[in-house]
Amino acid sequence: MSTITDTQQAIAHAVERVGPAVVGFGRGWGRGSGVVVAPGRVLTTAHNLRGEDVTVNLHGGRRETGRVAGIDADLDLAAVAVDTGDIEPVEWDPALAGPGIGTPVVALGDPGGRGLRATPGFVSAEGRHIRGPRGRTIAGCIEHTAPLPRGSGGGPLVDLEGRLLGLNAVRLDGGLIVALPAGPRLAERAEKLWSGESVRPVRLGVAIAPSRVAQRMRRSVGLPHIDGLLVRSVADGSPAAAAGIERGDLLVAAARRPLAGVDDLYEALDSLAPGDTLQLQVVRGTAERDVAVTFAASEEVAT
C-alpha cells in the first residue's frame with residue numbers, strides 16, 4: 001500500500017500547489033479553463049475565448065472581468081489580463097526539459113467555473129505534432145493519459161512538483177489529451193501578447209488542397225503530374241487575389257523552394273513581415289509563371 005499512498009500524496013501535493021492558480025472562463029460547461037502564470041496574467045487556449053472581455057472565475061469563488069491582451073490563433077494561445085489578487089502563480093520555467101514517456105503528470109481544469117478538477121496520468125508520447133486552428137503545425141506537444149471533462153481545455157498540465165509542463169488543448173480518439181508545451185516558444189509568444197506586440201503572420205489568402213488531392217484532380221482532367229499545392233479558393237481582397245492567383249492554380253515553389261506540403265508554404269510565410277514580397281511559382285493548366293505577392297502593412301486573411 002505504500003506505493004499507492006505515496007502516489008496519492010504526490011498528486012495531492014501537486015494539486016495543493018497548483019489548484020488555486022487554475023481559473024475557469026464563462027459560466028457553465030461551455031467555455032474552458034486557464035492558469036495564472038504571473039500576477040494579473042492568465043494563459044489559456046485561444047479557442048476558449050469570444051470577444052475582448054471575458055468572465056474569469058478565480059480561486060475562492062471570486063469572479064472578475066478579464067481583458068484579452070492578445071491572441072495567437074496559430075499557436076492556439078491567448079493571454080488574459082485580470083486582477084488575480086493574492087493568488088500564487090503556477091511555477092513555470094520555460095527552460096525545463098520536456099517530460100519523457102512515462103512521466104507522471106496531473107491535468108487540472110475549472111470547467112466554466114464549476115469547480116476544480118484534477119486527474120493523474122502519464123506522458124504517453126513526446127514531440128507530437130498537431131494542427132492549430134488555422135492549420136499550422138504546432139510542434140513538440142505532449143500527449144498524456146490524464147482524462148479531462150469538457151471545459152477543461154486551456155488548463156495546466158503539471159508534474160508532481162507542480163511545475164507547469166503545458167496547456168491542455170486537444171482531445172484525441174481513445175481519450176488521450178495533447179497539451180501545448182510550456183517551453184521557450186510559448187513563453188516568448190505569451191510575452192509578446194501581453195506587451196501588445198502583434199503575433200500575426202502574414203496571410204496569403206487562399207484555401208489549398210494537399211499534394212495528393214491536387215494530383216488526383218489533375219489526372220481527372222488529363223493534366224500531367226506536377227508536385228504542388230492546389231488552390232481551392234482565393235479570398236476577395238487578399239494578397240493572392242491582388243497578385244492574380246486563381247482557383248485551380250497549382251503552387252509549386254515559394255522563394256524558389258519546392259512546395260511538397262502545406263508546412264513548406266507556412267515556413268515561407270513565417271519568414272516574412274508585413275510589407276514584404278514573396279515570389280511564387282505557379283502552374284495554371286500546363287503553363288508555368290512566376291508571381292510576386294506583396295503583403296500590406298496589416299493582413300487579416302486566413303492562410
Step by step, would you call D74 with R189 a salt bridge (charged side-chain N to carboxylate O under 4.0 Å, His left out)? CA-CA 11 Å; D74 292 317; R189 291 292 181 95; over 6 Å; no
Decide yes or no for L165 and L96: does some side-chain heavy atom of the first lie under 4.5 Å from some side-chain heavy atom of the second? yes
So P258 and D227, do their side chains get closer than 4.5 Å, heavy atoms only? no
Could you check whether any side-chain heavy atom of I245 comes within less than 4.5 Å of a side-chain heavy atom of V293, counting everything from C-beta outward? yes
Quick one: closest heavy-atom pair of L116 and G19, and the distance? CD2-CA, 3.8 Å
Do V90 and V36 pass the side-chain contact (heavy atoms from CB on, under 4.5 Å) test, and can you show the C-alpha distance, the side-chain angles, and the key distance before you say yes or no? CA-CA 6 Å; V90 66; V36 178; over 6 Å; no
Does a donor on one side chain and an acceptor on the other come within less than 3.5 Å for D110 and H59? no
Compare every heavy atom of S152 with every heavy atom of P149, then report the nearest pair and how far apart it is. O-OG, 3.0 Å
Which atom pair, heavy atoms only, marks the closest approach of R203 to P239? O-CG, 3.4 Å
Taking CZ in R257 as the centre, count heavy atoms belonging to other residues, nucleotides or ligands within less than 6.0 Å. Is the count above 12? no
Does any part of the side chain of R17, heavy atoms only, come nearer than 4.5 Å to the side chain of R163, both counted from C-beta? no
In this structure, which one of V80, N57, T55 forms a side chain to side chain contact (heavy atoms under 4.5 Å, CB included) with F25? V80
ILVMFWY cluster, L75 and I177 together (side-chain gap under 4.5 Å): no
Option passing side chain to side chain contact (heavy atoms under 4.5 Å, CB included) with T119 (candidates V105, T145, L148): L148
With a sphere of 6.0 Å drawn around CG of D290, does it hold more than 12 non-hydrogen atoms of other residues, nucleotides or ligands? yes
If you define the side chain from C-beta out and look only at heavy atoms, does anything of L280 sit under 4.5 Å from L204? yes
Crowding at CD, E64 (>12 non-hydrogen neighbours, <6.0 Å): yes
In terms of heavy-atom contacts, N48 and S33 come closest through ND2-O, 3.5 Å
With a 4.5 Å limit on heavy-atom distance, are the side chains of E88 and P20 in contact? no
Might you confirm whether atom CZ of R284 has over 12 heavy atoms from other residues, nucleotides or ligands at distances under 6.0 Å? yes
So do P99 and D159 actually touch side chain to side chain, heavy atoms under 4.5 Å? no
Walk me through whether H144 and N168 qualify under side-chain contact (heavy atoms from CB on, under 4.5 Å). CA-CA 10 Å; H144 65 86; N168 294 302; 2.7 Å; yes
Taking the side chain as everything from C-beta on, heavy atoms only, tell me whether D249 gets closer than 4.5 Å to V206. no
